[in-house]
Q: 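Take a look at this one; I'll ask things after.
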Amino acid sequence: MKPEVLVFDDLEALSLSAAERLGVVAREAVRGRGRFSLALSGGHTPRRLYALLAEGRAGDLPWDRIHLFWGDERFVPQSDPASNFRMVREALLERIPVPPGNLHPVPVCLGSPVEAAAAYERELRAFFASEGEPAFDLALLGLGDEGHTASLFPGSPALAERHAWVAAAEAAPGIIPRSRITLTLRGLSAARAIWFLVAGAEKAPVVRILVDGSEAEAARLPAGRIGGAGPVTWFLDRAARGY
Ligand code: 6PG
């Protein structure tokens, strides 16, 4: 299935469109299945989208039916400035009436990334017990300029994981915090929809490979190996598209 590529003037327009579309997807999921399961991306790019969700730009969202997960997390306390949970808490959670039981952060309080990954996998498998698959209604992903997504970095052993939905991983040297927990390719393979949100000229070369390159060229990059059940959509600003 060929990915859909959407190009916006800037990050603000990208984020606004993603918010409006996310509202439609969320309401459809709740109507159809009684709940909406959303895997959130970390990093900087999605922060504006999360703020727009908090501001109601997605329309009315049935937060009591929405379950929030993290596609990856840094193995740091939730109070740490590098925590993806903290970023989402500040941009979104503090401003919406989502029931605490609907929040599914990675348990970084546990003793090690391996323990945290195993515990998170148990939580996901319990949540998706009836589907038997990590069938997120929507997974949001970012993109590193060397092709990583979530915390699946080029050459990472986590990329070879075929069975586990969640794995401990390490960021590339020089990228801190290095210790991570991430959904694996398997953990992202059953999402009903996958959206990459990418902005900035520094991402244009890797976007060109992933969007315009051959399947073989794309598959050399972690982000190029994402996919499975549902459609993949690229939300790009003009700079990331190389315009
Ligand atoms: C993380 C993210 C990571 C991020 C990319 C892009 O925990 O760092 O999950 O995959 O999406 O590195 O990050 P920016 O949006 O900050 O460019």
Side-chain angles (χ1 to χ4, degrees), residues 8 10-15 18-19 38-52 68-92 104-108 113 116-117 120 134 136 138-156 158-159 165-185 187-188 191 194-207 209-211 221-227 232-242:
F8 301 90
D10 52 30
L11 178 58
E12 182 68 14
L14 182 161
S15 305
L38 173 61
L40 297 167
S41 174
H44 298 94
T45 304
R47 188 172 185 129
R48 183 61 184 143
L49 165 59
Y50 301 155
L52 290 171
L68 300 177
F69 299 84
W70 276 253
D72 72 317
E73 185 55 279
R74 292 84 180 274
F75 193 65
V76 295
Q78 289 180 344
S79 58
D80 189 297
S83 164
N84 285 335
F85 176 83
R86 172 171 165 171
M87 181 271 283
V88 175
R89 184 182 64 215
E90 291 171 349
L92 178 61
H104 307 271
V106 177
V108 292
Y120 205 46
F136 295 102
L138 176 59
L140 301 176
L141 290 173
L143 179 68
D145 57 13
E146 86 299 287
H148 84 259
T149 191
S151 283
L152 297 167
F153 287 80
S156 168
L159 284 166
W165 296 2
V166 186
E170 280 207 326
I175 297 181
I176 53 171
R178 287 205 69 190
S179 190
R180 307 283 183 104
I181 293 90
T182 185
L183 291 180
T184 60
L185 296 176
L188 285 160
I194 291 176
W195 296 356
F196 282 97
L197 305 183
V198 188
E202 73 280 6
K203 307 286 176 76
V206 69
V207 165
I209 296 170
L210 291 163
V211 172
L221 302 173
R225 297 177 56 191
I226 294 289
V232 173
T233 304
W234 289 87
F235 287 72
L236 306 171
D237 71 354
R238 292 173 60 81
R241 190 63 182 111

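In listed order, ligands and their atoms are each counted from 1. One-based numbering along the sequence shown. None of these values were measured; they are calculated from a predicted model.
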Q: Distance-only, no hydrogens or angles: does the S41 side chain make a donor-acceptor pair with backbone N or O of G142 under 3.5 Å?
A: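 Checking the backbone N and O of G142 against the side chain of S41, a donor-acceptor pair under 3.5 Å is found.
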Q: Using a 4.5 Å cut-off on heavy atoms from C-beta on, say whether the side chain of V198 contacts that of V206.
A: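 They are not in side-chain contact.
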Q: Which protein residues have a heavy atom under 4.0 Å from ligand 1?
A: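 For ligand 1, the residues that come within the 4.0 Å heavy-atom cutoff are S41, G42, G43, H44, T45, D72, R74, N84, G142, L143, H148, T149, A150, R180, K203.
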Q: Within the side chain of T182, is there an N or O that forms a donor-acceptor pair under 3.5 Å with the backbone of S151?
A: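 Yes, because the side chain of T182 sits within donor-acceptor range (under 3.5 Å) of the backbone of S151.
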Q: Parallel, tilted or perpendicular, judged at 30° and 60°: which one describes the rings of H104 and F69?
A: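 Plane angle under 30°, so parallel.
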Q: Look only at the side chain of E73 and the backbone of V108, and say whether a donor-acceptor pair between them is shorter than 3.5 Å.
A: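 A pair under 3.5 Å: no.
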Q: Which class fits the ring pair W70 and F85: parallel under 30°, tilted 30 to 60°, perpendicular over 60°?
A: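 Aromatic pair W70/F85 classed tilted.
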